[in-house]
Amino acid sequence: MSWPEEPSLRRLKVDLSEVAFALENASCEMRHFLDLETGDVAYIGDEIRTELDEIDEELGDDDSASFETALASRGLPEWMGQAVREAVEIDRGFGTRFVEVPHAESRAGYADMEDFIETVTDERLRNALWRAIAGRRAFGRFKDVLFDH
């Protein structure tokens with residue numbers, strides 16, 4: 001009986017602040033990916049994903065069609081064209097070179113904030129936290145109230 005080879009492990013220098021940012025800011029509109037070759041964190045936003053999907057649809061199964069020609073024909077600003085090129089790299093290397101940075105479901109995170117608030121004994125702080133999580137930007141306002149406290 002032969003055992004499967006162990007995966008080779010290597011050290012990878014990663015900027016933990018980039019990973020923390022990705023964990024905190026991932027959403028349906030923005031997905032973050034860790035590059036397992038460079039340690040960089042890359043992202044694909046909805047706007048870039050839409051452009052890439054439209055180019056893919058335009059090219060279809062036509063092997064003679066050039067991605068660069070299709071990209072140039074869209075007349076995108078240079079920064080956006082570069083972002084679409086990077087998205088293609090991420091798509092091609094997904095699962096091998098790039099892995100998606102996981103993110104918590106916002107409902108679970110919101111429930112965690114509610115559970116935490118219920119444990120706060122300082123009435124003023126507890127009320128400030130309840131106000132902070134009402135409406136949009138709840139996570140950011142919650143962190144701001146805790147930071148100020």
Side-chain angles (χ1 to χ4, degrees), residues 3-60 67-68 70-149:
W3 296 96
E5 285 186 38
E6 294 221 7
S8 62
L9 300 177
R10 62 184 173 86
R11 291 187 183 267
L12 182 64
K13 188 173 184 173
V14 176
D15 183 339
L16 292 180
S17 64
E18 284 186 23
V19 174
F21 179 84
L23 287 166
E24 293 173 0
N25 294 291
S27 66
C28 297
E29 297 85 25
M30 182 74 64
R31 294 173 51 207
H32 295 81
F33 301 87
L34 177 63
D35 185 333
L36 297 176
E37 289 181 10
T38 67
D40 293 334
V41 175
Y43 64 91
I44 301 176
D46 267 356
E47 188 176 17
I48 301 304
R49 171 59 56 197
T50 299
E51 289 295 335
L52 183 56
D53 290 345
E54 289 177 6
I55 291 171
D56 285 345
E57 186 175 309
E58 178 183 321
L59 293 176
F67 171 79
E68 283 298 324
L71 180 59
S73 72
R74 300 192 67 75
L76 302 174
E78 182 56 34
W79 69 266
M80 194 172 203
Q82 186 58 37
V84 172
R85 286 183 195 93
E86 290 171 3
V88 168
E89 279 188 53
I90 292 169
D91 278 358
R92 288 180 182 156
F94 185 73
T96 55
R97 177 177 174 183
F98 293 94
V99 293
E100 187 168 5
V101 176
H103 61 280
E105 290 291 324
S106 61
R107 287 184 187 148
Y110 192 86
D112 290 342
M113 289 188 300
E114 289 178 320
D115 291 345
F116 174 80
I117 293 170
E118 289 178 9
T119 68
V120 174
T121 56
D122 179 317
E123 186 177 351
R124 289 182 69 191
L125 176 58
R126 186 174 55 248
N127 290 336
L129 289 169
W130 281 120
R131 283 191 303 276
I133 67 168
R136 300 187 72 189
R137 273 199 11 78
F139 293 96
R141 287 194 316 269
F142 179 82
K143 286 192 292 187
D144 290 344
V145 168
L146 288 176
F147 181 77
D148 289 344
H149 181 70

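Each residue takes its place number in the sequence, starting with 1. On a predicted model such as this, the values are computed, not experimentally measured, just so you know.
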- I117 vs F142 side-chain heavy atoms within contact, under 4.5 Å: yes
- Query: How long is the span from the CG atom in D91 to the CG atom in D56, to the nearest 0.5 Å?
  - Reply: 7.5 Å
- Drop me the distance from T121's OG1 to R126's CZ, to the nearest 0.5 angstrom. 7.5 Å
- Heavy atoms from other residues, nucleotides or ligands near CD of E47 exceed 12 (cutoff 6.0 Å): no
- Item | Pairs involving residues 78-89, ordered by first then second residue, that meet side-chain hydrogen bond (donor to acceptor under 3.5 Å, both in side chains) (sequence neighbours left out) | E68-R85
- Task: Mind checking the CG-CD1 spacing from D53 to I48? Nearest 0.5 Å is all I need.
- Result: 11.5 Å
- Within a radius of less than 6.0 Å around CZ of F98, do more than 12 heavy atoms belonging to other residues, nucleotides or ligands occur? yes
- Heavy-atom nearest pair, M80 first then L76, reads SD-CD2, 3.8 Å
- State the CD-CG distance between E118 and L129, to the nearest 0.5 angstrom. 12.0 Å
- For the pair F21 and H32, name the ring-plane relationship: parallel under 30°, tilted 30 to 60°, perpendicular over 60°. perpendicular
- Message: Less than 4.5 Å apart, side chain to side chain, heavy atoms only: is that true for L52 and F67?
- Response: yes
- Sort out for me which residue in I44, V99, V41, D40 forms a side chain to side chain contact (heavy atoms under 4.5 Å, CB included) with F33. I44
- Query: At their closest point, which heavy atom of V101 faces which heavy atom of L34, and how far apart are they?
  - Reply: CG2-N, 3.9 Å
- Message: Between E58 and L71, is there a side-chain heavy-atom distance shorter than 4.5 Å?
- Response: no
- Message: Test of understanding: with salt bridge (Lys or Arg N to Asp or Glu O under 4.0 Å), list the residues that count as partners of D15, not counting sequence neighbours.
- Response: none
- Nearest-0.5 Å distance, CG of residue L146 to CZ of residue F116: 5.5 Å
- Task: Could you pull out all residues at least two apart from E51 that satisfy side chain to side chain donor-acceptor pair (under 3.5 Å)?
- Result: R74
